[in-house]
Participant: 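This is the structure, below, for whatever I ask next.
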Amino acid sequence: MLALLDGNNFYVSCERVFRPSLEGRPVLVLSNNDGCAISRSNEAKALGVKMGQPFHEFRHLEESAGLISLSANFSLYGDMSERMMSLAAGLGPTQEIYSIDECFVDLDGVRGDLTIRAHAIRARIQRWIGIPTCIGLAPTKTLAKLANHVAKDAERKPGSYPARHAQVCHLGALPQAEVDPLLAATGVGEVWGVGPRIGAQLREAGVTTALQLARLDPALVRRRWSVVLERTVRELQGTPCIDLDAAPAPKREIACTRSFGRPVRELSQLIEAISAFCARAAEKLRRQGSLAGCVQVFAHTSPFRPGPRWAKSLVVPLRRPTGDTARLTQAAVMGLKLIYEPGYDLAKAGVMLLDLCDGRIQQGELGLEDEWGRDRGPLMGAVDAINMRWGKSTIRQGSTGTARTRPDWAMRQARRTPRYTTDWRQVPVARA
DNA sequence: TCTGGGGTCCTAGGACCC
DNA sequence: TCTGGGGTCCTAGGACCC
């Protein structure tokens, strides 16, 4: 049996722990640049604010309905998440932390009444951390997600499901004759793995509820849709197809991207931004002990605004995999200079580290050395430690890309082939 | 005026090889 | 006039998740 535990309206709940006066009021947490809603209290949901909705569309509710909008504080949420997860781990022997606000727990071998146990863990998280949670229990991940959805709505929207399922819903403890009506009361779009696209196709085919989806023939679903949806159907039928992943593999790609608060036109501003993104991404890279083989850089205009559209990206392979901020930044800035065209209002840019490999094998011999073969591993380690202790960006990389222009031959070479390898040893590097 | 950020998995189709 | 077949690798794009 599996449990899915998640924090209700997680970011809003974190804010409320430290500002109890927000309790009972419509509260929102906004994304970067206060762009759009990323967490809503029940009261804010009742006002009709949608997930991901742009702020300017509902700003008037601050005046008219007492809506409170907060800028996101992600380090706070990360901290609260760690505490919540360590208590949630008490549910059973194996835990998979699935996202900042939810985890799966395998309850195999756990004795006693699982519903009572789940209620006890919920109460403990509420009491010790102050975060309200809901728990779904079922034999597969997809059903556990669905049970969790039932637990939430039974509490939040009285009448949607029987009230006894509020907060904790244990589908595995119910006879099929009681499970079916719950599935029948759940829209097909609520099922984990069914997004807007597939949801619309299913409804068009007359499949509108989770129960109808569960009763489709898996082979037909595979033919008409995909193996992914076939797995979803089987999981709804009670056959586990998606394993619990207790020790997630290191990330295969690492990104740092941002929308700009106001449009960016100048190359110099863009270089500043890209350099900062590289430093952040490289930090994440080193934290998981990896090296990157390529750097991808991109920028584009706003898809929402009128005016000329522009979007470009470029993958810059590195001569050797590296975790060194300076090298990664050099590569990204050079890529940026190659794709940059003046005259566009750019809304967003970013950096992605690709072709990641395990750095522990290669450290010292590859990667964290500078152009003269000196080992920069300790330097990067010290930079990370200082930023960890004193807050991010206490110490940061100067953007080496602005210090020297690259030799013309390299630029010409690079323009001929979009993917190219740069021999950084031939490139002069500015000294700090 | 104002529209998030960071991931994963799967598939189709082309290039290439024997 | 008649012009193979199958395997593998890579990439781009689509769909999904929170």
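Throughout, protein chains are lettered first and strands after them, A, B, ... in sequence-line order, and every chain is numbered starting at 1. Since we're looking at a predicted model, the values are computed, not measured.
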Participant: Between dT3(B), dG4(B), dG7(B), which one does the side chain of Ile254(A) approach most closely?
Facilitator: dG7(B)
Participant: Calculate the interatomic distance between Ile242(A) atom CD1 and dC16(C) atom P; express it in whole Å.
Facilitator: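 Taking CD1 of Ile242(A) and P of dC16(C), I get 14 Å after rounding.
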Participant: Can you check whether Arg262(A) has a side-chain N or O nearer than 4.0 Å to OP1 or OP2 of dC2(B)?
Facilitator: no
Participant: Once you apply a heavy-atom cut-off of 4.0 Å, does Phe304(A) come out as touching a base, just sugar-phosphate, or nothing?
Facilitator: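 The residue Phe304(A) makes base contact.
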Participant: Tell me: OH of Tyr98(A) to P of dG6(B), nearest whole Å?
Facilitator: 17 Å
Participant: Side chain of Ser99(A): nearest nucleotide among dC18(C), dC2(B), dC9(B)?
Facilitator: dC18(C)
Participant: Please state whether the phosphate of dG5(B), meaning OP1 or OP2, lies under 4.0 angstrom from any side-chain nitrogen or oxygen of Lys348(A).
Facilitator: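 Result: yes.
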Participant: As a test of reading the structure: which of dC2(B), dC17(C), dA15(C) is closest to the side chain of His56(A), going by heavy atoms?
Facilitator: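 Nearest to the side-chain atoms of His56(A), counting from C-beta on, is dC2(B).
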Participant: Under 4.0 Å from OP1 or OP2 of dG6(B): is there any side-chain N or O of Arg258(A) that close?
Facilitator: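 Yes, within the criterion.
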Participant: Could you give the CD1-to-P distance, from Ile100(A) to dG7(B), as a whole number of Å?
Facilitator: 13 Å
Participant: Write down the distance between CG (Leu70(A)) and C1' (dG4(B)), rounded to a whole number of angstrom.
Facilitator: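 Going from CG in Leu70(A) over to C1' in dG4(B) covers 16 Å.
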Participant: Considering every strand and a 4.0 Å limit on heavy-atom distances, what is the contact class for Arg59(A): base, sugar-phosphate, or nothing?
Facilitator: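 Since no nucleic acid heavy atom lies under 4.0 Å of Arg59(A), the category is nothing.
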Participant: Could you check which of dC18(C), dC9(B), dG6(B) has an atom nearest any side-chain atom of Lys145(A)?
Facilitator: dC18(C)
Participant: Could you write out DNA chain B as a dot-bracket string, with dots for unpaired bases, | for bases paired across to another strand, and Watson-Crick or G-U pairs counted at under 3.5 Å?
Facilitator: ....||||||||||||||
Participant: Pick one: which of Leu137(A), Asn148(A), Leu182(A) meets side chain to side chain contact (heavy atoms under 4.5 Å, CB included) with Leu171(A)?
Facilitator: Leu182(A)
Participant: If you pin Ala249(A) and Met51(A) to their nearest nucleotides in DNA chain B, which one's is more 5'?
Facilitator: Met51(A)
Participant: Looking at every strand, decide which applies to Glu102(A) at a 4.0 Å heavy-atom threshold: base, sugar-phosphate, or nothing.
Facilitator: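 Touches sugar-phosphate only.
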Participant: Over 60° means perpendicular and under 30° means parallel, so tell me whether His149(A) and Tyr161(A) are parallel, tilted or perpendicular.
Facilitator: perpendicular
Participant: If you measure from the Lys or Arg side-chain nitrogens to the Asp or Glu carboxylate oxygens, is any gap between Arg287(A) and Glu283(A) under 4.0 Å?
Facilitator: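 Result for this pair is yes, salt bridge flagged.
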Participant: Charged N to carboxylate O below 4.0 Å: is that the case for Glu15(A) and Arg25(A)?
Facilitator: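 Salt bridge flag = no for Arg25(A) with Glu15(A).
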Participant: OP1 or OP2 of dG6(B) versus the side-chain N and O atoms of Thr257(A): is any pair under 4.0 Å?
Facilitator: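 Answer is yes, contact under 4.0 Å.
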Participant: Less than 4.0 angstrom from a charged side-chain N to a carboxylate O is my criterion; do Asp345(A) and Arg305(A) meet it?
Facilitator: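 No, no charged N to carboxylate O under 4.0 Å.
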Participant: Describe the nucleic acid contact of Val29(A) in one word from base, sugar-phosphate, nothing, applying a heavy-atom distance below 4.0 Å.
Facilitator: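 Here Val29(A) touches no strand at all.
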Participant: Could you give the CG-to-C1' distance, from Leu354(A) to dT11(C), as a whole number of Å?
Facilitator: 12 Å
Participant: Can you check the Phe260(A) CZ to dC2(B) C1' distance for me, whole Å?
Facilitator: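 For the pair Phe260(A) CZ and dC2(B) C1', the rounded distance is 17 Å.
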Participant: From dC16(C), dG5(B), dC18(C), pick the nucleotide closest to the side chain of Asp101(A)?
Facilitator: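 Ranking dC16(C), dG5(B), dC18(C) by closest atom to the Asp101(A) side chain puts dC18(C) first.
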Participant: Phosphate oxygens OP1/OP2 of dC18(C): is one of them under 4.0 Å from a side-chain N or O of Trp192(A)?
Facilitator: yes
Participant: In terms of side-chain heavy atoms of Pro196(A), which of dT1(B), dC10(B), dC16(C) is nearest?
Facilitator: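 Among the listed nucleotides, the one closest to the side chain of Pro196(A) is dC16(C).
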Participant: With the threshold set at 4.0 Å, does a side-chain nitrogen-carboxylate oxygen contact exist between Asp245(A) and Lys141(A)?
Facilitator: no
Participant: Any side-chain N or O of Lys251(A) less than 4.0 Å from the OP1 or OP2 oxygen of dT8(B)?
Facilitator: no
Participant: In terms of side-chain heavy atoms of Arg305(A), which of dG4(B), dC2(B), dC9(B) is nearest?
Facilitator: dC2(B)
Participant: Does the Ser41(A) side chain pair with the main chain of Val27(A), one donor and one acceptor, at a distance under 3.5 Å?
Facilitator: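 Pair found, side chain donor or acceptor close to backbone of Val27(A).
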Participant: Would you mind reading off the distance between His300(A) atom NE2 and dG5(B) atom C1', rounded to a whole angstrom?
Facilitator: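 Nearest whole value for this atom pair: 11 Å.
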Participant: Using a 6.0 Å distance limit plus a 45 degree cone around the ring axis, check whether Lys312(A) lies over the aromatic ring of Phe298(A).
Facilitator: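 Cation-pi check for Lys312(A) and Phe298(A): fails.
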Participant: For dG5(B), does OP1 or OP2 lie under 4.0 Å from any side-chain N or O of Ser259(A)?
Facilitator: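 Yes, within the criterion.
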Participant: Which of the following nucleotides, dG4(B), dT8(B), dC16(C), is nearest to the side chain of Arg197(A)?
Facilitator: dC16(C)
Participant: Once you round it to whole Å, what is the distance between P of dC10(B) and CZ of Arg231(A)?
Facilitator: 5 Å
Participant: Can you classify the ring geometry of Trp192(A) versus Phe104(A) as parallel (below 30°), tilted (30 to 60°) or perpendicular (above 60°)?
Facilitator: tilted
